[in-house]
Amino acid sequence: MFDYLKQYNQIKHEIISEIEKVLESGQLILGDNVKLFESKFSNFLGAQGKSVGVNSGTDALVVALMACGVGRGDEVITTSNTAVPTVSAIRMVGATPVFCDVDESTALMDLEQVQICLSIKTKAIIPVHLFGNVVDINYLKNIILGKDIAIIEDCAQAHGASLNGEMAGTLGDASAFSFYPTKNLGAFGDAGLCYSTNQHLYNKMRKIRMHGFNNEPYAEIEGINSRMDEVQAAILNVKLPYLESSIKQRRSLADYYNKLLDPRIERFSVKTGVKHAYHLFVIRLHNRDYIKHTLAEQGILTGIHYPCPIHLMRGYKFLGYKQGDLPVTESLSTELLSLPIYPGLSKNSVKQVCDALNSIFNIR
């Protein structure tokens with residue numbers, strides 16, 4: 001499903017050289033490498049905003065939520081078919097997640113159902129740009145027009161995706177990126193980033209990640225400890241120039257999958273104006289578990305994103321959801337299968353996957 005070693009071996013000398021420079025500099029936290037990466041990633045996004053390097057993608061959501069004033073007693077609308085950190089971040093600031101079902105054709109937040117989820121307690125919405133696809137943030141803005149509700153984009157899987165020429169992460173009030181090793185742009189450990197085109201939110205996020213400090217050794221606001229370290233920033237600075245070419249590879253591999261896969265195998269649609277970043281290539285199978293097991297017997301490993309919707313997990317039972325509350329989300333959790341896709345994966349390997357999958361699909 002994922003192999004960072006191919007790219008690492010190609011740029012190994014660059015990475016080791018930059019790590020050695022950090023270790024010899026005497027500056028390990030929030031130094032020049034972090035500042036450089038924040039600047040370069042803001043340039044990559046292409047909008048007039050600024051970035052704040054933090055410890056992880058989870059913390060990026062926490063910091064963004066805090067900056068938007070979300071806290072105890074507030075509600076935050078999001079989806080249940082996402083990684084747990086989307087929801088745990090909401091809980092970490094004391095707010096309550098409210099789950100919106102998803103669109104069956106995209107697996108993204110069903111914007112037609114957002115209105116049902118709104119209440120006087122709604123303080124923010126976290127649309128998840130799942131798999132590298134993009135939620136129509138402009139349409140979402142129209143739904144909440146005139147309401148004091150922040151939109152915080154979860155871009156953990158959407159580095160390089162765009163909507164009508166605007167990068168995912170630049171469309172809402174703030175956004176959160178993860179650089180976990182498996183992401184389109186991955187560190188060699190944990191790292192994350194907050195972004196906003198709103199100067200006020202940027203200033204707050206910058207303070208929050210460092211105990212509420214600004215340039216003085218005292219807290220101006222309440223904050224947390226979530227600082228990107230220099231080693232990870234140095235690695236990301238080396239890898240960032242390769243991001244666009246790696247996304248092109250992902251798109252090329254996705255095109256090849258779409259060309260070779262049996263047309264009866266269901267895939268998710270990409271709306272007009274969206275450029276998918278293909279963090280994952282996901283198909284829908286009604287006999288998913290059998291096909292996954294049979295592929296594994298042939299040495300082809302696949303993934304499931306995600307096997308259990310968060311609203312049905314024991315750890316979130318206290319939220320009061322039950323089976324049947326989010327029918328599309330629940331249905332997809334038993335049917336989705338993620339096929340291997342990453343830079344360095346050969347087209348021959350894609351053909352091997354497709355040949356095996358088509359054969360199993362046709363004799364099932």
Side-chain angles (χ1 to χ4, degrees), residues 4 7-8 10-25 27-57 59-61 63-64 67 129 132 134 153-163 165-172 174-199 201-203 205-206 209-210 226-250 275 277 279 343:
Y4 78 92
Q7 186 191 42
Y8 170 66
Q10 293 171 353
I11 58 176
K12 179 177 182 177
H13 297 298
E14 290 181 75
I15 287 174
I16 290 175
S17 173
E18 291 304 311
I19 290 174
E20 287 179 345
K21 288 178 185 177
V22 171
L23 298 180
E24 292 169 0
S25 72
Q27 191 171 36
L28 301 177
I29 302 290
L30 292 186
D32 292 339
N33 283 285
V34 172
K35 293 175 184 175
L36 180 61
F37 179 67
E38 290 171 338
S39 174
K40 284 186 171 183
F41 197 76
S42 294
N43 290 338
F44 170 76
L45 293 178
Q48 300 302 308
K50 293 182 180 179
S51 299
V52 179
V54 295
N55 181 62
S56 67
D59 278 6
L61 284 170
V63 171
H129 298 312
V134 184
E153 299 173 71
D154 185 333
C155 299
Q157 298 185 2
H159 310 168
S162 64
L163 174 66
E166 296 181 284
M167 285 284 197
T170 68
L171 303 163
S175 57
F177 290 84
S178 168
F179 303 116
Y180 186 76
T182 60
K183 305 305 183 186
N184 284 12
L185 177 62
F188 288 174
D190 266 327
L193 179 139
C194 307
Y195 177 88
S196 182
T197 56
N198 181 308
Q199 184 69 33
L201 285 179
Y202 162 75
N203 289 338
M205 293 189 297
R206 192 169 180 274
R209 65 124 179 238
M210 179 63 176
S226 182
R227 301 168 294 199
M228 181 182 286
D229 73 67
E230 283 287 287
V231 169
Q232 298 304 334
I235 292 167
L236 290 168
N237 280 325
V238 171
K239 294 183 71 176
L240 181 57
Y242 299 94
L243 179 55
E244 287 191 25
S245 64
S246 72
I247 293 171
K248 286 181 181 178
Q249 289 180 57
R250 289 176 179 274
K275 290 197 73 174
H279 171 63

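Residue numbers run from 1 in the order of the sequence given.
Side-chain contact annotation: R227 with N55, donor-acceptor N/O pair under 3.5 Å absent.
No close placement of the F188 and Y180 rings is indicated, their centers lying 6.0 Å or farther apart.
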| task | Could you go through the side chain to side chain donor-acceptor pair (under 3.5 Å) check for Q157 and H129 one step at a time? | result | CA-CA 7 Å; Q157 298 185 2; H129 298 312; over 6 Å; no
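Of all heavy-atom pairs spanning V134 and A168, the tightest one is CG2-CB, 4.4 Å. Annotation for S246 and N184: closest pair OG-O, 4.2 Å, computed over non-hydrogen atoms. Smallest separation of non-hydrogen atoms from V34 and D229: CG2-O, 4.1 Å. For the residue pair A191 and L236, the shortest heavy atom distance occurs at CB-CD1, 4.2 Å. Closest non-hydrogen pair, E230 versus I29, comes out as CG-N, 3.7 Å. Across all non-hydrogen atoms, the minimal contact from C194 to V54 is SG-CG1, 4.2 Å.
Here the rule is side-chain hydrogen bond (donor to acceptor under 3.5 Å, both in side chains) with S51, and of S196, S42, S175 only S42 fits it.
With E153 contributing its side chain and L171 its backbone, the two residues share a donor-acceptor pair below 3.5 Å. For the pair S162 (side chain) and G165 (backbone), a donor-acceptor distance under 3.5 Å is absent. Remark: the backbone N or O of S178 is paired with a side-chain donor or acceptor of H159 at under 3.5 angstrom.
Atom CG of L163 sits about 9.0 Å away from atom OG1 of T170, to the nearest 0.5 Å. Here N237 contributes atom CG and E38 contributes atom CD; the two are 10.0 Å apart, rounded to the nearest 0.5 Å. To the nearest 0.5 Å, atom CE of residue M205 and atom CG of residue N198 are 8.0 Å apart. Of the inter-residue distances, the one linking L61 atom CG with D154 atom CG reads 5.0 Å to the nearest 0.5 angstrom. The line from OG1 of T197 to CD of Q48 is 9.5 Å long, rounded to the nearest 0.5 Å.
Side-chain contact check for L243 versus K239: every heavy-atom pair is 4.5 Å or farther apart. With a 4.5 Å cut-off on side-chain heavy atoms, E14 and Y242 count as touching. Side-chain atoms of K183 and F177, non-hydrogen and from C-beta on, never get closer than 4.5 Å to each other. The side-chain heavy atoms of K50 and R206, taken from C-beta on, include no pair separated by under 4.5 Å. Using a 4.5 Å heavy-atom cutoff, the side chains of D190 and Q232 are not in contact. Proximity of V52 to R209: side-chain heavy atoms (C-beta onward) are separated by under 4.5 Å at one or more points. Within the 4.5 Å cutoff, no side-chain heavy atoms of N33 are placed close to those of F37.
Residue Q27 qualifies as enclosed at atom CD: its count of foreign heavy atoms under 6.0 Å is above 12.
The ring pair (Phe, Tyr, Trp, His ring centres under 6.0 Å) test applied to Y195 returns no partner, not counting sequence neighbours.
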Could you pull out all donor-acceptor pairs under 3.5 Å where a side-chain atom in residues 15-24 meets a protein atom, sequence neighbours excluded?
residue : atom : partner : partner atom : Å
E18     : OE2  : K21     : NZ           : 3.1

